[in-house]
Amino acid sequence: MNDTTREITEFLSAALRCEVGPDDDYFALGLADSLFALELVTFVEGRFSLTVEIEDLDLESFRTANRITAFVRRKTGAPEFTETP
């Protein structure tokens, strides 16, 4: 797990008061709601110094820590991360 994903996973686990993994869909698991989605967007904007535009508000980009990591990388122009064995 890379540093960005680890940091996002730590935030999610603390905010949801439940351990979540990088591919856990906390919305599908019933751990998150629309109010949490707003908190999550605020965290992403503040922590990664980016702006989440209205057109970026696709739930699919925010369902898991790995998807958020990919979103942050797209928004910041960082290369895609791939795990090496």
J.: Under 3.5 Å, is there a donor on one side chain and an acceptor on the other for T4 and T69?
T.: no

J.: How many angstroms lie between OG1 in T9 and CG in N2, if you round to the nearest 0.5 Å?
T.: 9.0 Å

J.: Under a single-linkage definition using a 4.5 Å side-chain heavy-atom cutoff for Ile, Leu, Val, Met, Phe, Trp and Tyr, are I68 and L16 assigned to the same hydrophobic cluster?
T.: yes

J.: Per the salt bridge (charged side-chain N to carboxylate O under 4.0 Å, His left out) rule, what does the pair list look like for residues 4-24, sequence neighbours excluded?
T.: D3-R6, E7-R47

J.: Per the side-chain hydrogen bond (donor to acceptor under 3.5 Å, both in side chains) rule, what does the pair list look like for residues 53-64, sequence neighbours excluded?
T.: D25-R63, D56-K75, E60-R63, E60-R67

J.: Just list the side-chain donor-acceptor pairs under 3.5 Å for residues 27-45, sequence neighbours left out, or say none.
T.:
residue : atom : partner : partner atom : Å
D33     : OD1  : L35     : N            : 3.2
D33     : OD1  : F36     : N            : 2.9
T42     : OG1  : L38     : O            : 3.0
E45     : OE2  : V52     : N            : 2.8

